[in-house]
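First listed ligand is number 1; within each ligand, the first listed atom is number 1.
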Amino acid sequence: MRYAEVIVDLTAGDVNRTYTYLAPENLCVSPGDMVVVPFGKRTMEGFVVSMKDETELDESKIKPIARKRMAGVIMPELIDLAMWMKNKYNCYLADSLRLMIPSELRGERVREKELRVARLIASAEDALKAAAKAPKQRRVIELLTDGAKPVKYLSEMIPGANAAVKALSDKGIIDISSEREMRKPHIDDNGRSHEDPVLTVSQQAAADEMIDALDTGGRFLLHGVTGSGKTEVYIKLIREVLKRGQGAIVLVPEIALTPQMVGWFHARFGKSAAVIHSRLSAGERFDEWERIRSGDARVVIGARSAVFSPVENLGAIIIDEEHEGAYLSEKRPRYDAREVAWRRMNDRKGVLVLGSATPSIQSYMRVMPGVRSENKLALIELTQRANGKALPEAEIVDMRRELEMGNRGIFSGKLIQYLKDAIKQNQQAILFINRRGHSTFVSCRACGHVEKCDACDVALTYHQSDQRMHCHYCGKNVPVPAKCPECTSKFIKYFGAGTQRVEEEVKTLFPSVPVSRMDVDTTQGKDGHAKILEAFRKGETKILIGTQMIAKGLDFPNVTVVGVVAADTTLNLPDYRSAERTFQLITQVAGRAGRAQTPGRVVIQTYTPENYALKCAVKQDYRSFYHLEAMYRKHALYPPYTVISRLVISSKDENKPGETAVEIEKRILKALNEEKLTESVLFMKSAEAPIKKIRGETRWQVYVKMYARGEVGRVNEIMETIAQEGAQGVRIELEVNPQSMI
Ligand code: ADP
Ligand code: ZN
Ligand code: ZN
């Protein structure tokens, strides 16, 4: 007897283990196959993880596998990875496996676009004899004598061919098989060169170091200033990987997977590249996955979940812009693509590359002396731009001085002057503001009352477009009150500037200059994003105003001025990472300037010019920033020195979350005492969440801070168990080092 261990595709209750099924003799199953199995009263889909000849279970109770859905769906290597994830992230096995296959494959949905092909299996002579009295069948046979044809084609050529085809197939004269028809995602190669450029000396040195590690395994942090040409280094490495008959995965943040970027990779790697991005239809996604699985595509470019691509003989994983929060999944399973990649390459002794102009504190810490070798990253630096151009000069403008000098506008005199110069010389400018809408909040001058969303407990943002106040959490909007609801004063005013307000000011200052704005409000449509960028690229618009969206990866040669309108909006976020985020943002935004002939100018406007993140950012001095920031984290006991985990408890009921939080805190404390884990925990507290209410739900949290070197895994497991058990009338979610603590 042959038995199969199967993971049932179910994520509820006690299913986080494998089940044993009998493999019927006439069914050839092996690890990685997707099968259909009886489960309780139902049938379920599942994945075979291993086969064995014996079982300790009562054989009469073991049910047979009902049928096979598809062979080789999950590579053995990925099954191991799913097992590892189960322990690391306390998730269901099925949750991890679902990340590894296209959603199309699950639940018997229509998947492949099938092409039915007819082929002659008898000799032409015999066939024609057998169909002597059927002219339509004879026509079909004639068409098939020089090779197989799609049935669709036959019925186009011969009216009513379908019946003839069926008759011939019933007589065993022709064979009908299904072949896959690939849906080719639209490719825009944007006229980019298909040839690799000659690398600069430092690019070549960086690539060589990585290539040397292809035999023994290696982990690198590629710290390259903006415009240093990191992408070409990756491409060089990938070429070598392909030469060795291996494959590679490149992860980029979803936001960077622009049509240009996609087209560019296709232009370089042709059909051997599979690009997975959110604009693909489910069917296209399935086909790309299939091309990877079959080995037709050996280079995969995609966002976070592309780390699970079924690339055989994987030689390298590259994670570009590794500092991006997007690599951390906010949904269950809450995996970190960097950790998954690390694990995957460790097992294979391949090369892992994390690349960034502004590495995360967490990654940079791993290049420091004293790090244990299993955690170490080797640092490779690119300190010059690939085109030899200087990094833009950046300057801080103290907005308090501007105010003292009587400037009440949102632009400093200097920024206005630079914009004027740029316009005069027919150059372009980018203005960055980390806030959409018109104003940051609406408040009463007399009593200080701030207008808030009644469902979310956050300040509302005024939008000029419809002259209403919008909630950026739930989307609700209301008119601006004529009088203060608290004190009836008429002096209700808008404070702080958002993208709309910046646009308004630019239009007032430069009425004849074409301007465009890029934020969530203007990029709603399918190609809203692309259209705005295209117009800017062509020079139809001269000034581009936008949020984070414009900070990354854009390469516009004619941009000579970049203005950060209010650096303080990021700096003052209530988050221990606000300095890191500000440094990253300013470095990235500044990197947009002066990429070609004319040197760029960058103006950072702020009310706190003495801040270390700003000071280091204008000098593009990452190392100094790293040391100051690491010191701050260490003293203030923040990650990566500690791990912050929290359970967020929410409910429409106002009281339940609070009551549950207090109870949960007691339960955790009890478990910590019982398991002698109290040493690992620095601090624990149940309290209202920083945003007390979202979409009408009251929110509480149980916040636990642990030493990174402590029993973090076990404490998280305790918390996850509590979250999964749930409690009456509330939702409970575990977050580990969440990207934003709202
Ligand atoms: P980074 O990602 O490091 O900011 P990019 O990879 O975007 O930098 O490269 C910046 C620019 O330099 C791009 O326009 C790229 O085509 C160009 N570039 C990179 N390497 C070379 C090279 N060796 N020769 C010529 N141009 C290069
Ligand atoms: Zn008031
Ligand atoms: Zn709201």
Side-chain angles (χ1 to χ4, degrees), residues 190 192-207 222-236 250 252-253 256 258 260-261 264-265 267-268 318-323 353 355-359 380-389 391-392 442-461 468-478 481-493 537 551-557 559 587-596 620 691-697 699 742:
N190 211 21
R192 287 258 201 167
S193 118
H194 293 216
E195 309 237 315
D196 294 349
V198 178
L199 295 191
T200 64
V201 174
S202 35
Q203 280 175 320
Q204 187 64 54
L222 178 61
H223 178 203
V225 299
T226 52
S228 58
K230 293 185 282 296
T231 318
E232 294 302 338
V233 175
Y234 305 149
I235 288 173
K236 192 75 171 186
V250 185
V252 296
T258 55
Q260 291 97 305
M261 169 95 172
W264 192 46
F265 264 98
R268 289 300 189 84
I318 294 154
I319 305 187
D320 193 27
E321 312 277 358
E322 69 85 25
H323 61 276
V353 181
S356 177
T358 53
I380 302 180
E381 289 177 307
L382 296 174
T383 54
Q384 308 287 325
R385 283 185 158 180
N387 60 7
K389 294 282 175 296
L391 282 167
V442 179
S443 102
C444 167
R445 283 236 150 157
C447 76
H449 164 82
V450 174
E451 281 286 287
K452 287 185 171 183
C453 173
D454 56 6
C456 300
D457 195 50
V458 291
L460 292 166
T461 303
R468 290 166 74 86
M469 301 184 297
H470 289 241
C471 171
H472 286 182
Y473 281 86
C474 71
K476 207 164 155 172
N477 56 80
V478 290
K483 282 188 271 180
C484 172
E486 285 293 319
C487 73
T488 72
S489 150
K490 281 186 202 145
F491 294 100
I492 284 258
K493 214 179 151 349
R537 186 179 303 280
K552 312 253 161 61
L554 304 180
D555 194 357
F556 298 113
V559 171
T587 311
Q588 299 283 354
V589 180
R592 301 307 119 219
R595 287 178 73 103
Q620 303 247 2
I691 296 181
K692 291 176 222 154
K693 212 161 129 194
I694 295 183
R695 289 181 200 92
E697 290 194 331
R699 309 168 76 242
I742 58 168

J.: I want to check something: taking the side chain as every heavy atom from C-beta on, are Lys483 and Ile492 in contact at a cut-off of under 4.5 Å?
T.: no

J.: Within the distance-only criterion (no hydrogens, no angle test), does the side chain of Lys236 pair as donor or acceptor with the backbone N or O of Gln204 below 3.5 angstrom?
T.: no

J.: I'd like to check which ligand 1 atoms, numbered from 1 as shown, lie under 4.0 Å from a non-hydrogen atom of Thr200.
T.: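 Answer for ligand 1: 23 (N).
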
J.: Side chain or backbone of Arg385 under 4.0 Å from ligand 1, or both, or neither, by non-hydrogen atoms?
T.: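 None of Arg385 does.
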
J.: Taking the side chain as every heavy atom from C-beta outward, state whether Ile742 and Ile694 have any pair of such atoms under 4.5 Å apart.
T.: yes

J.: Within the structure, is a non-hydrogen atom of Gly224 found at a distance of less than 4.0 Å from ligand 1?
T.: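 The answer is no, since Gly224 has no heavy atom less than 4.0 Å from ligand 1.
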
J.: Report, rounded to 10°, the angle at the Zn ion (ligand 3) between the two atoms SG (Cys453) and SG (Cys471).
T.: 110°

J.: Run the contact test for Leu382 against ligand 1 with a 4.0 Å cut-off on heavy atoms, strictly below, and give the result.
T.: no

J.: Is the Zn ion (ligand 3) less than 2.8 Å from an N/O/S atom of His472, whether that atom is in the backbone or a side chain?
T.: no

J.: Which of the numbered atoms in ligand 1 are under 4.0 angstrom from any heavy atom belonging to Thr226?
T.: 4 (O)

J.: Decide yes or no for Pro481 and Met469: does some side-chain heavy atom of the first lie under 4.5 Å from some side-chain heavy atom of the second?
T.: yes

J.: Are any non-hydrogen side-chain atoms of Lys476 and Arg468 less than 4.5 angstrom apart?
T.: no

J.: Please say whether Thr231 places an N or O atom under 3.5 Å from an N or O atom belonging to ligand 1.
T.: yes

J.: Is the shortest side-chain heavy-atom distance between Pro485 and Glu451 below 4.5 Å?
T.: yes

J.: Do the side chains of Glu321 and Lys230 get close enough for a salt bridge, i.e. N-O under 4.0 angstrom?
T.: no

J.: Any sub-3.5 Å donor-acceptor pair from Arg537's side-chain atoms to Phe556's backbone N or O?
T.: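 Not confirmed, Arg537 side chain does not pair with Phe556 backbone.
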
J.: Please identify which atoms of ligand 1 are closer than 4.0 Å to at least one heavy atom of Val225.
T.: 3 (O)

J.: Against heavy atoms of Ala386, which atoms of ligand 1 measure under 4.0 Å?
T.: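 Ligand 1 atoms under the 4.0 Å threshold to Ala386: 12 (O), 18 (N), 19 (C), 20 (N), 21 (C), 27 (C).
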
J.: Between His223 and Leu382 (side chain of the first, backbone of the second, donor and acceptor by atom type, cut-off under 3.5 Å), is there such a pair?
T.: no

J.: Keeping the roles fixed (side chain from Arg699, backbone from Ile691), state whether a donor-acceptor pair exists under 3.5 Å.
T.: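 Judged by distance alone, yes, a pair lies under 3.5 Å.
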
J.: Between the main-chain N or O of Thr200 and the side-chain N or O of Gln203, is there a donor-acceptor pair closer than 3.5 Å?
T.: yes

J.: Using a plain distance cutoff, I'd like to know if Gln203 has any nitrogen or oxygen under 3.5 Å from a nitrogen or oxygen of ligand 1.
T.: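 The answer is yes, given that Gln203 and ligand 1 share an N or O pair closer than 3.5 Å.
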
J.: Below 4.5 Å, heavy atoms only, C-beta onward: do Gln588 and His323 meet side chain to side chain?
T.: yes

J.: Should the heavy atoms of other residues, nucleotides or ligands under 6.0 Å from CD of Gln384 be counted, would the total exceed 12?
T.: no

J.: Short N/O distance, under 3.5 Å, between Pro197 and ligand 1?
T.: no

J.: Is there a nitrogen or oxygen of Glu232 sitting under 3.5 Å from a nitrogen or oxygen of ligand 1?
T.: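 There is no such contact.
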
J.: Can you tell me if Val198 contacts ligand 1 (heavy atom of the residue under 4.0 Å from the ligand)?
T.: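 Contact present.
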
J.: Short of 2.8 Å from the Zn ion (ligand 2), name each protein N/O/S atom, waters not counted.
T.: Cys444 SG, Cys447 SG, Cys484 SG, Cys487 SG

J.: Where on Asn387 is there a heavy atom closer than 4.0 Å to ligand 1, on the side chain, on the backbone, on both, or on neither?
T.: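 It is neither part, as no heavy atom is under 4.0 Å.
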
